[in-house]
**Student:** 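Dropping a structure here in structure tokens format, bear with me for questions.
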There are 2 protein chains.
Amino acid sequence: MATGRKSTGSKAAAPVAPAGVVTLEMVAEEAGVSPSTVSRILNGTAKVRESKVRAVRAAISKLQFQPNPVARSLARGRSMSVGVIIQTIDSPFYGEALAAIEKGLFRAGYSVLFLSGHWREDDERRCVEHLLARRVEGIILVTSCLPDAELVRLTRTVPIVLTGRSIEAERSYSMDADSTPGARLATEYLIGQGHRKIAFIAGPANHPDSQQRLNGYKAALANAKIPFAAKLVVPGDYSDAGGHLAMNRLLDAKAEFTAVFAANDQTAYGAMLALHRRGLRVPQDVSIVGFDDLPTSSYIIPPLTTVHRSIHEVGEAAAEAMIDLLDGRVPVSKLSTATLAIRESTRSVRY
Amino acid sequence: MATGRKSTGSKAAAPVAPAGVVTLEMVAEEAGVSPSTVSRILNGTAKVRESKVRAVRAAISKLQFQPNPVARSLARGRSMSVGVIIQTIDSPFYGEALAAIEKGLFRAGYSVLFLSGHWREDDERRCVEHLLARRVEGIILVTSCLPDAELVRLTRTVPIVLTGRSIEAERSYSMDADSTPGARLATEYLIGQGHRKIAFIAGPANHPDSQQRLNGYKAALANAKIPFAAKLVVPGDYSDAGGHLAMNRLLDAKAEFTAVFAANDQTAYGAMLALHRRGLRVPQDVSIVGFDDLPTSSYIIPPLTTVHRSIHEVGEAAAEAMIDLLDGRVPVSKLSTATLAIRESTRSVRY
DNA sequence: GCAACCTTGGAAAGCGCTTTCAAAAGTAGC
DNA sequence: GCTACTTTTGAAAGCGCTTTCCAAGGTTGC
């Protein structure tokens, strides 16, 4: 620990590096072997006589040697880092995915570079550039905004894993956990509770995932022979504020409905507040179900019935898939199915 | 774009690198200068004849050259990356800080390595090790769990910036945005509304920040000459679940109170739900104020009155401080003061 | 005891950049 | 036109590892 070591070496003192950084070469000298041998022991790339192995190990722990990953990267031509592009790093939803991705890749020895695209194509493109410049070995794109063609082109440079969409390309893996079934599940639950006039607050129109939620909603209606009413569908933007606005719009238009399916939980929160402000109670006057099952959704009042899909699992799977891709394996798909977390924001209107 | 370029070089074809990676040497050859010159132009480390500059620039854009940061790091002995340790990457609160930190450092050309310590000393220690092994140039610790002495020791290796606590050390910067004033503000607001029996749901006991919130609460009481009642203080853990539990405990103990100050917003959410379950209304029966002002806090029912402190600013400041430290400057402190976001979870009990 | 072979380990050449050192080229001054 | 500088540029030596290539050391067999 102390800066001034004495009586360390046997012959010439090693050239003292700036901040006491220990190099492989110093280890080699200390152990009385060549650098190559140390390297071989470190990487297990060849057999080394037991006695030398011991000497080197001793030297390593004596000197507290830690191989410099930068040098290693350069020599191996591998950066041991992967990039992750997310839209908003501060979303409660994606945060969880991030945590899982970080954990998975960390364990495999990769460093993770996070960048946020802010739902803007240009920003995202810039992020990709930066990551490539940083020589990441792969990129995980959590709900990318980039056009398909561009993503496909990207796979020619690095393997990519995509969540929330799907492309056809060699070194890529799409984990398009289709939201349609989940949305359908939610809507069917509402129908099962006797609701016929069910409003839908959608997500951003350009977002494929958001489209799927709409489709699920439609499918459930169709299946129950309930005519689709365009006026019961209002646009939102996946935010609390958007949900609030949308609900107000619905109410102002005097739309008739006994239940609402919100494209995500935050939208539901906003909608619930708008309802509350107009003196309408959930679930007595209107039932509402969300999508995503944010951690707080079980703690709001009333606790929200919502479609649950383990985003943590998605993150884990993304990390695994990336590791597979990097190791030249073909990732095996394993999708988790959506379930409905039934809580207290809906009521049956059966008679 | 196409893989097969033809008629590129003048003399011998450059050794085609694996994946069409362009090196500085290739640029040099293309431009008819030496590698040193290209490097100098890239870094502006010396004057170069205008004509050569143009030739090199042309070559660079023709070849789409991007310097390899790994090689650069090795040569310069600087990794151009900084580590950020956060406790839970998926907390809505820290997410925002992360976003700001990422942005600030990104602009300065640094890459950011995020790691989560999960509020566990050991995990955090391991994160530090990993970051050091990765040769980060500095570490930002967002609410660290590590003992002071260890942090001080760490500064001997890399500069660090700390949020939520404070140490005395040379190459460090503590942004201990003391929570005491904010907590006091919240409590005083409640007192100003006529409340005398104010409960406090605390955060994790070992956490300095949590301690500060308690102190602020006590200070406000003392200032108003309201005796401190130990039974009105229950422990929580900064989570929804903890708040829920704590409120139940309070209620079960038949504690008398007309208002609650929760150590953070999530705690408040949980507490509100517990209240709701017992048929107590907010704010009619009990007033509640939180701390942190999470984005959803303005959308829950009723919208939560809470202490607002721009965590985004904290993140920005942390990034700036780190850059200052890395450039050998002494960071200038700039604290943002806490304000109270007054919403609808409290009512006056003045007569 | 020596040829033929397998195992170990060292020397040295990179990886792609930066940076020092010194030579080449340009500029001034007389 | 030649000397004395100053600027511009290239050659080469790293940065700390990995890895190829080859020699030394050991084994085995006859």
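Quick note on labels: first sequence line is chain A, next is B, and so on, each numbered from 1.
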**Student:** In whole angstroms, how far is the P atom of C/dG16 from the CZ atom of A/Arg76?
**Tutor:** 16 Å
**Student:** Does the A/Thr155 side chain pair with the main chain of A/Val152, one donor and one acceptor, at a distance under 3.5 Å?
**Tutor:**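 Looks like yes, one N/O pair under 3.5 Å.
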**Student:** Does D/dC17 have its OP1 or OP2 closer than 4.0 Å to a side-chain nitrogen or oxygen of A/Ser39?
**Tutor:** no
**Student:** Give one of base, sugar-phosphate or nothing for A/Thr37, where a contact means two heavy atoms less than 4.0 Å apart.
**Tutor:**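 Answer is sugar-phosphate: A/Thr37 comes under 4.0 Å of backbone atoms only.
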**Student:** For A/Pro69, which contact category applies under a 4.0 Å heavy-atom criterion: base, sugar-phosphate, or nothing?
**Tutor:**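 Answer is nothing: A/Pro69 stays at 4.0 Å or more from every strand.
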**Student:** Check the distance between C/dT18's P and B/Ile41's CD1 and give it to me in whole angstrom.
**Tutor:** 12 Å
**Student:** Regarding B/Glu121 and B/Arg125, does a basic nitrogen lie under 4.0 Å from an acidic carboxylate oxygen?
**Tutor:** yes
**Student:** Whole angstroms only, please: what is the CZ-C1' distance between B/Arg134 and D/dG16?
**Tutor:** 15 Å
**Student:** Report the distance from atom CD of A/Gln66 to atom C1' of D/dC17, rounded to the nearest whole Å.
**Tutor:**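 Checked: the CD to C1' distance equals 15 Å.
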**Student:** Between A/Phe65 and B/Pro35, which is nearer to the 5' end of DNA chain D once each is assigned its nearest nucleotide?
**Tutor:**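 On the 5' side of the pair lies B/Pro35.
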**Student:** Using whole Å, what does the distance between atom P of nucleotide D/dT18 and atom CG of A/Leu74 come to?
**Tutor:**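 That distance rounds to 11 Å.
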**Student:** Would you call A/Arg120 and A/Asp122 a salt bridge, taking side-chain N to carboxylate O under 4.0 Å as the test?
**Tutor:** no
**Student:** Is it the case that over 12 heavy atoms from other parts of the model lie below 6.0 angstrom from the CD atom of B/Glu25?
**Tutor:** no
**Student:** Figure out the CD/C1' separation between A/Glu29 and D/dG16, and round it to whole Å.
**Tutor:**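 Atom CD in A/Glu29 sits about 15 Å away from atom C1' in D/dG16.
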**Student:** Whether B/Lys52 contacts D/dT9 is assessed here as follows: a side-chain N or O lying under 4.0 Å from the phosphate OP1 or OP2. Is that the case?
**Tutor:** yes
**Student:** Looking at C/dT18, I'd like to know if its phosphate oxygens (OP1 or OP2) sit under 4.0 Å from a side-chain N or O belonging to B/Asn43.
**Tutor:** yes
**Student:** Does atom CD (B/Glu50) have a neighbourhood of more than 12 heavy atoms from anything else shown, all under 6.0 Å?
**Tutor:**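 Yes, CD of B/Glu50 has more than 12 neighbouring heavy atoms, counting only those of other groups under 6.0 Å.
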**Student:** Hey, does the side chain of B/Ser34 come within less than 4.0 Å of D/dT9's phosphate (OP1/OP2), counting only N and O?
**Tutor:** no
**Student:** Between the side-chain atoms of A/Arg49 and the base atoms of D/dG25, is any donor-acceptor pair under 3.5 Å?
**Tutor:**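 Flag unset: no donor-acceptor pair detected.
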**Student:** DNA chain D: B/Lys47 or B/Ala75, which has the more 5' nearest nucleotide?
**Tutor:** B/Lys47
**Student:** Would you classify B/Val33 as touching base, sugar-phosphate or nothing, given that sugar-phosphate means primed atoms plus P, OP1 and OP2, and contacts are heavy atoms under 4.0 Å?
**Tutor:**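 Sugar-phosphate: the residue B/Val33, judged by heavy atoms under 4.0 Å, touches backbone atoms but no base.
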**Student:** Checking only heavy atoms, does the side chain of B/Arg40 share a donor-acceptor pair with the base of D/dG10 at less than 3.5 Å?
**Tutor:**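 Indeed, a donor on one side and an acceptor on the other fall under 3.5 Å apart.
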**Student:** Mind calculating the distance between CG (B/Leu24) and P (C/dG14) to the nearest angstrom?
**Tutor:**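 Answer to the nearest Å: 17 Å.
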**Student:** For B/Met26 and C/dC17, what is the distance between atoms CE and P respectively, to the nearest whole Å?
**Tutor:**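 Rounding to the nearest Å, CE of B/Met26 and P of C/dC17 are 10 Å apart.
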